[in-house]
Amino acid sequence: MISKNGIALTVLIAEALLSALGVEFDPGTLEKGIEGILIMGALLLAIWNQIDRKDVKAFIFKK
């Protein structure tokens, strides 16, 4: 089984590391579009995982 939050966090951490290393893409480039899609996908995976968890109530509260 693969962790949805693990995938989401890996993508977001990779994005943060690339930014910290100075890797930036010009607006409008294909790479920038792919980067945006990956970040949105990671965010959606994290939200989906939080909703899917049985030990969490109202998105942020532990039961």
Mind checking what makes side-chain hydrogen bond (donor to acceptor under 3.5 Å, both in side chains) contact with [X], not counting sequence neighbours?
X     : value
Asp52 : Lys4
Ser19 : Glu15
Lys62 : Asp55

(message) Return the CG to CG distance between Asn49 and Leu9, rounded to the nearest 0.5 Å.
(response)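 Result: 9.5 Å between the selected atoms.
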
Which value, rounded to the nearest 0.5 Å, describes the distance between Thr10 atom OG1 and Leu45 atom CG?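 It is 10.5 Å, given to the nearest 0.5 Å.
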
Checking [X] now: which residues fulfil side-chain contact (heavy atoms from CB on, under 4.5 Å) with it, not counting sequence neighbours?
X     : answer
Leu38 : Val11, Ile34
Leu17 : Ile13
Ile47 : Leu43, Ile51, Phe59

Closest heavy-atom contact between Ala42 and Ala8?
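Between these two residues, the closest heavy atoms are O-CB, 3.0 Å.
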
